[in-house]
Structures are given as C-alpha cells and as structure tokens.
Amino acid sequence: MNDTLMTVGAIFLAAVLMFIFPLMSTADRTDDVSQQVVKAKTEEFVDNIRSTGKITSDKYDSFVKAVGATGNSYNVDMQVQVLDESASKKTTTAASTKVGENYYYREYNDQIEGALAQSGVYRLKQGDMISVSVKNTNKTISQVLKNFMYRVTGRDNANITAQHSGIVNVNG
C-alpha cells in the first residue's frame, strides 16, 4: 500500500515536471515577447508624436491594433502637458522661454480622444509634453498558471506594461 502511494506521488511529480513547468516557461516567454512588442510600439508612437507635433486618429488606431495584436487587451492612457501660451502675461519681468517661468496644464484621454473623434487630429506645439502608458487588462496564461501553482493572487493584473514620454519638438 505504501509503495502504491509513493508510485502515484512520483507519477504526479513527474507529470508536473514534464508538463506544467515547461508550459509555464513557454507562457513566460510569450509574455516577454508581448512586453517587448508593447514597449517598442509605445516608444514608436510617442516618438512619432514628438517629431510630427500631432496625434492623428489613424496613427492612434494603428497603435492600438498593433498592441492588441499580441493577443491581450490593453488600457492606453495618454496625457499631454500643454505649455500655457499666456505664461509671459503672468509675469512682467521675464519671457516665457526662461526656465521656471513656464506653466503647464494637463489634458487626459477623454479630451484627447474627444478631439480625435471630432476632427481626427489632436495638435501639439513645441514644448508640450506627451506621456503614453499601456497596461494589459486581462490575465495572461502565465499569470493563470502562476496563480494556480504558487497561489499568487492580487488585484493588479498588469504584468505587461510600457510607458514612454517626451517633449514635442515641432508645432503640429
């Protein structure tokens, strides 16, 4: 009886070692590839905005499709810090190009996507700052397997993330 129990235990351990851990390793590699793709596409998208000075609905849609091609669903957060054009009017002693004299206000996804829906283009000017953050919203196979094997649970589902930001170089 004791030998039978040990045999069943050995078979179970062999099955775990032969199937589950290689599956976990492959799933982790898939997440790594997805991470690299999302990071590269996010950097490309932000750098395009910085060099052209505008966000077009076509570029935004192609960015969302390229990121979604990894097989995961993502939450894309955009934030633009717009350089206030009337900063020089607030002070009488300095121009707005001096360090410390620039004022920014922020616009978020709703305002940016609203402008894209209305005119198809969101224009930026030189000195504005753009920041794009991408996080996956679904549980990947790797996360499911890790939660099953290690009982790792948490609210934060995002293990594929990317963030890139920069200052716009030209007027759009």
Side-chain angles (χ1 to χ4, degrees), residues 1-52 54-81 104 106-118 120-122 124 128-169:
M1 178 79 163
N2 197 12
D3 289 337
T4 308
L5 188 59
M6 287 184 68
T7 304
V8 169
I11 291 172
F12 178 73
L13 181 62
V16 167
L17 291 174
M18 288 175 57
F19 298 111
I20 300 297
F21 284 115
L23 183 61
M24 286 176 60
S25 176
T26 303
D28 280 342
R29 244 179 273 145
T30 302
D31 282 358
D32 290 342
V33 169
S34 295
Q35 172 71 36
Q36 290 174 355
V37 168
V38 169
K39 183 179 177 187
K41 292 298 180 183
T42 303
E43 289 175 358
E44 179 183 320
F45 179 63
V46 170
D47 290 342
N48 182 296
I49 294 169
R50 290 178 56 223
S51 63
T52 61
K54 60 186 174 182
I55 304 171
T56 63
S57 57
D58 293 338
K59 291 284 185 185
Y60 178 70
D61 291 341
S62 66
F63 167 67
V64 170
K65 285 179 186 174
V67 168
T70 62
N72 297 308
S73 59
Y74 294 94
N75 183 18
V76 178
D77 288 324
M78 292 186 291
Q79 175 183 329
V80 174
Q81 293 183 21
Y104 289 91
R106 297 171 192 232
E107 292 190 351
Y108 298 97
N109 265 15
D110 293 338
Q111 293 136 333
I112 296 167
E113 289 175 353
L116 290 176
Q118 188 175 24
V121 177
Y122 181 85
L124 298 111
D128 291 350
M129 291 185 263
I130 177 78
S131 175
V132 177
S133 159
V134 181
K135 293 181 182 179
N136 72 309
T137 57
N138 63 320
K139 285 193 180 252
T140 64
I141 295 173
S142 174
Q143 288 174 306
V144 171
L145 289 172
K146 284 180 184 176
N147 285 342
F148 174 73
M149 291 298 293
Y150 306 131
R151 301 284 188 244
V152 178
T153 57
R155 293 182 176 195
D156 190 16
N157 291 341
N159 69 335
I160 301 173
T161 61
Q163 183 175 6
H164 194 62
S165 59
I167 297 176
V168 177
N169 299 326

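As the structure is a prediction and not an experimental result, all values here were calculated from the model. Counting from 1, the numbers follow the sequence of the chain as shown.
In this structure, the side chains of Asn72 and Thr140 come closer than 4.5 Å at one or more pairs of heavy atoms. The shortest distance between side-chain heavy atoms of Asp31 and Asn159 falls below 4.5 Å. With contacts defined as side-chain heavy-atom distances shorter than 4.5 Å, the pair Met78/Ser131 does not qualify. Using a 4.5 Å cut-off on side-chain heavy atoms (C-beta onward), Asp128 and Ile167 make no contact. Considering only heavy atoms from C-beta on, Lys41 comes within 4.5 Å of Phe63 through its side chain. In this structure, Tyr74 and Asn138 have side chains that are not in contact, with every pair of non-hydrogen atoms separated by 4.5 Å or more. Residues Gln79 and Ile130 form no side-chain contact, since every pair of their non-hydrogen atoms from C-beta on lies 4.5 Å or further apart. Side-chain contact between Val134 and Asn75 is absent, with no heavy atoms from C-beta onward closer than 4.5 Å.
Within a 6.0 Å sphere centred on CD1 of Ile112, heavy atoms belonging to other residues, nucleotides or ligands number more than 12.
Between the Thr30 side chain and the Thr26 main chain, a donor and an acceptor come within less than 3.5 Å of each other. Side-chain atoms of Gln36 never come within 3.5 Å of backbone atoms of Val33 as a donor-acceptor pair (strictly under, hydrogens ignored).
Here the closest non-hydrogen pair linking Gln81 and Tyr104 is O-CD2, 3.5 Å. Between Leu116 and Ser57, the closest heavy-atom pair is CD2-N, 3.6 Å. Ser34 and Ile160 make their closest contact through CB-CD1, 3.7 Å (heavy atoms, listed as atom of the first residue, atom of the second, distance). Of all non-hydrogen atoms in Ala66 and Val37, the two that sit nearest each other are O-CG1, 4.4 Å. Of all the heavy atoms in Ser62 and Lys59, the pair that sits closest is OG-O, 2.9 Å. Considering every non-hydrogen atom in both Leu145 and Ala27, the closest pair reads CD1-CB, 4.4 Å.
Here CG of Asn48 is found 9.5 Å from NZ of Lys54. Values are rounded to the nearest 0.5 Å. Rounding to the nearest 0.5 Å gives a distance of 9.5 Å between OG of Ser142 and CG of Leu23. Taking NE2 of His164 as the reference point, atom CD1 of Ile49 lies at 10.0 Å (rounded to 0.5 Å).
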Run the numbers on Arg50 and Asp47 for salt bridge (Lys or Arg N to Asp or Glu O under 4.0 Å), then give the verdict.
CA-CA 5 Å; Arg50 290 178 56 223; Asp47 290 342; 3.3 Å; yes
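Screening residues 67-79 for salt bridge (Lys or Arg N to Asp or Glu O under 4.0 Å), with sequence neighbours left out, gives no hits.
Relative orientation of the Tyr60 and Phe45 rings is tilted, given thresholds of 30° and 60° on the angle between their planes.
Side chains of Tyr122 and Glu113: a donor-acceptor N/O pair is absent below 3.5 angstrom, by distance only.
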